[in-house]
S.K.: 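First, the structure itself, so that you have it in front of you.
Both backbone and side-chain heavy atoms feed into the values below; hydrogens, waters and symmetry mates do not.
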Amino acid sequence: KKAGFVSTDEISMQTYYDDAETFRMFRVASAVIGVSVDQLWEWYGDFLVTYSCETGWEKMLTCMASNLQDFLDNLNSMHYFIDQIAFKSEMKGPTFKCDPQISVVERTQERRKSGMVDHVIFSINPDDQHKSGQRLAHKFRRERNNIDIIIEGDESVAPSLPITLRDFNRIFPYHICFNKQMVVEHVGVFLLNEYNLADKKALKLTDIVQLVQPTDVQLTFKNIMTYLNTLFIFQLKVQSKRNEEELAKKAGILNQPLSLKGQMQMLSGGNSIIFLASPHATSVRDILNVNLFISDMPMHDATRDLIMLNQSRMCQMELNKRLEETSKKMKGCAEELEKKKAQTDHLLFQFVPVQIAEALRQHKPLEPQTFNESTVLVSELPDFLSICFHTSPSELIGLLTDIFHRFDRLIHLNKVSTNFSIIKDHSAVKVYKVVSLMDSYLIVGGVPSPRVDHTESVLNLALGMMLEARAVVIPSLNLPVRLRIGISCGPVVAGIVSERKPRYCVLGDTVITAKQIVSYSECGKVLVGNAVRTAVTKSLKSIFVFSSKGYVDTGTHKTLTHYLEKNEQKSAWDIVDREKGAEQSIDGYKELHSKEGGEQWETITSEAQKQQEVIDAMRGGVTQKNRALARLLSIKEWRFRSNRSNDSGISIESRDNPQSSVCSIS
């Protein structure tokens, strides 16, 4: 950050950074660590050698040379290969020139084409470890070889070579030899024939080529002598015969000019220089771009092998690139599949609990389960008919959506299995929403995960549902929604119904009793069976406050019921997780039990019933709409009969059950 980088995420191995950024990083690092910049660069040099060896370059570095001077002389060509051929990078390595007579250290600046550059001269001498007798001196400095001795001695003893200039030009078809005045003395046979150089006299090197590598160096004899150990690249300024013929055929489209890559060798004691070169091409595409063929290169020229090997490598790289793209596509498909799976799970968990869904996914058999203890809550809108008369179908759907979303949020607050969340910890499931139909909402506690506090969770949820329902106002009537709830406690049976469209159903007398109790509840009240009150007072003493209503007829028996008033340990605001308004009561139960709008609702309901009677009389029969409405109401209000119940406070009747005792499916 001190060096100007926001985070380490910005630093990429594939990005080439300006040297100024590297220097800035080192200056800041030296200040933070508390060492000099020179010392830090020394450490970095040690690290770079180790890093290069660890990343696979050790063998190549070992094969470079047998001594330090030759190693440094050949670094230029290695840098070029790494930057321009192997990685096609934009990096520019340093240029090295070695002289065995260097004895002083000097640092100067030289003006090049691109500006001023640093010229540093290092003096490298053997240390005590490399002196004679301890380590081999030739590992440090190159010794004069036999051929140098022969050439510098008596030239008469040097063997005469049986080779003519014509033979030499044919062996090296791309060479160029020039003198100190930069006048070309002879060239290879390919250049001679393809570029019509035979008839040109006093031709200078600068007339036919331009210098590409090394960069920022003027093409002079002196500079060439300075950089003899450097790889040179020339680009021809003239077009070949082939290109001129192609130019006529392609209507003015020129091929790229030929580039030559090679080494400078000093001749005649420094009076001439010969450029031994080969076409600068690394792939088949390169030679096609310059209208060249592999057969134009001598068989001894390694460029032929380089082109074919590099073409094979490029094909492999292209294949790897396609594999990488395919891998990315597959990864994207896998991510998309996970999203689709999540959407499928979301839909599946709307109908079945998490643990049941996992069992279905694994094709495990699912037998119906019996739960000896559970709490069932049924809610409905007593003014639903009146609301239907005063709202459009779209407004009615929006109203029910708002109410049920509020209920779902309350369920989610209690960390339960709902339409909006997937709970992996099954023990966290307190209550489960079984179904919502028209204006009805059915919830069960203790199923499918048994819990000792299922009754408490359902009672708190009932209080929250009451307060949330009153927060919804019907725009056309400007009245808050009224809700009534019935709660029963006892055993149930739960299981999966249907295979193609699985649905988790809860059945039993407890469900029937809860449906009957809600019909006896007053608007804006929570009516519970005596078993519910007994369950919470046993385990929680007097946390919940009840008021007695009395016995109600549930079809085959009478049940003692009570109204739920409040939770003495939790405010209504805490239950619904909302902030209290400035003018609202501290605990929120005043707003929960408010009678506001009661008289208006009674008047509107009475008028709606009269209108419905008139409409039915005028139609003189049962319409398709009435049949559908009657069918939906029958699902809600069907009274199944049973001769047994575990709900305490029930008056059991002894008459025979006139209907099937099959439990209600919700």
S.K.: Between Lys549 and Tyr520, is there a side-chain heavy-atom distance shorter than 4.5 Å?
M.R.: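 Yes, close enough: below the 4.5 Å cut-off.
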S.K.: Is it true that Lys331 and Glu338 have a side-chain N and a carboxylate O under 4.0 angstrom from each other?
M.R.: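 So Lys331 does not pair with Glu338 through a salt bridge.
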S.K.: Sequence neighbours left out, what pairs pass salt bridge (charged side-chain N to carboxylate O under 4.0 Å, His left out) with at least one residue falling in residues 471-480?
M.R.: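 For residues 471-480, and leaving out neighbouring residues, there are no salt bridge (charged side-chain N to carboxylate O under 4.0 Å, His left out) pairs at all.
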S.K.: Could you tell me whether Arg482 and Asp383 make a salt bridge, using a distance below 4.0 angstrom between a side-chain N and a carboxylate O?
M.R.: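 Salt bridge between Arg482 and Asp383, a charged N being under 4.0 Å from a carboxylate O: yes.
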S.K.: Distance only, no hydrogens: is a donor on one side chain within 3.5 Å (strictly under) of an acceptor on the other, for Asn530 and Tyr551?
M.R.: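 Checked: Asn530/Tyr551 side chains show no N/O donor-acceptor pair below 3.5 Å.
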S.K.: Would the distance check show the side chain of Thr513 and the main-chain N or O of Asp509 forming a donor-acceptor pair, the cut-off being under 3.5 Å?
M.R.: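 Yes; at least one donor-acceptor contact below 3.5 Å.
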S.K.: Can you tell whether the side chains of Glu522 and Arg484 come within less than 4.0 Å, N to carboxylate O?
M.R.: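 Here Glu522 does not pair with Arg484 in a salt bridge, since their nearest N and O are not under 4.0 Å apart.
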S.K.: Side-chain contact, heavy-atom cut-off 4.5 Å: Val511 with Val492?
M.R.: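 Yes, close enough: below the 4.5 Å cut-off.
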S.K.: Under a 3.5 Å cutoff, is there a donor and acceptor pairing between the side chains of Glu591 and Ser585?
M.R.: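 Ser585 and Glu591 do have a side-chain donor-acceptor pair below 3.5 Å.
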S.K.: Does the side chain of Arg470 reach to within under 4.5 Å of the side chain of Ser594, using non-hydrogen atoms?
M.R.: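 Yes, close enough: below the 4.5 Å cut-off.
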S.K.: Please confirm whether the backbone N or O of Lys610 pairs with a side-chain atom of Glu613, one donor and one acceptor, at under 3.5 Å?
M.R.: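 Not a single qualifying donor-acceptor pair exists.
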S.K.: Between Met465 and Val526, is any pair of side-chain heavy atoms under 4.5 Å apart?
M.R.: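 Heavy-atom side-chain distance check fails, nothing below 4.5 Å.
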S.K.: Side chains of Gln600 and Thr603: closer than 4.5 Å at any heavy-atom pair?
M.R.: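 No, every pair of side-chain atoms sits at 4.5 Å or beyond.
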S.K.: With Lys525 as the cation and Tyr563 as the aromatic partner, state whether NZ or CZ is under 6.0 Å from the six-membered ring centre and within 45° of the axis.
M.R.: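 Positive - Lys525 is close enough to the ring of Tyr563 and near enough to its axis.
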S.K.: Look only at the side chain of Thr510 and the backbone of Pro491, and say whether a donor-acceptor pair between them is shorter than 3.5 Å.
M.R.: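 Yes; judged by distance alone, with no hydrogens or angles, the pair exists.
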S.K.: Using a distance-only test with no angle check, is there a side-chain donor-acceptor pair under 3.5 angstrom linking Thr455 and Thr375?
M.R.: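 Yes, Thr375 and Thr455 have a side-chain donor paired with an acceptor closer than 3.5 Å.
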S.K.: Can a donor-acceptor pair be found between the side chains of His557 and Thr554 at a distance below 3.5 Å?
M.R.: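 A donor-acceptor contact under 3.5 Å links the two side chains.
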S.K.: Going by atom types only, do Ser386 and Thr605 share a side-chain donor-acceptor pair under 3.5 Å?
M.R.: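 Present: a donor and an acceptor within the cut-off.
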S.K.: Less than 4.5 Å apart, side chain to side chain, heavy atoms only: is that true for Leu410 and Arg406?
M.R.: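 They are not in contact (no side-chain heavy atoms under 4.5 Å apart), so the answer is no.
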S.K.: ring-ring contact (aromatic ring centres under 6.0 Å, His included) with Phe371: which residues, sequence neighbours excluded?
M.R.: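 Checked Phe371 against ring-ring contact (aromatic ring centres under 6.0 Å, His included); zero matches.
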S.K.: Does a salt bridge link Lys329 with Glu325, judged by any charged N lying under 4.0 Å from a carboxylate O?
M.R.: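 Salt bridge between Lys329 and Glu325, a charged N being under 4.0 Å from a carboxylate O: no.
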S.K.: Main chain of Ile403, side chain of Tyr441: is a donor-acceptor contact present, judged purely on distance under 3.5 Å?
M.R.: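 Checked: no pair found.
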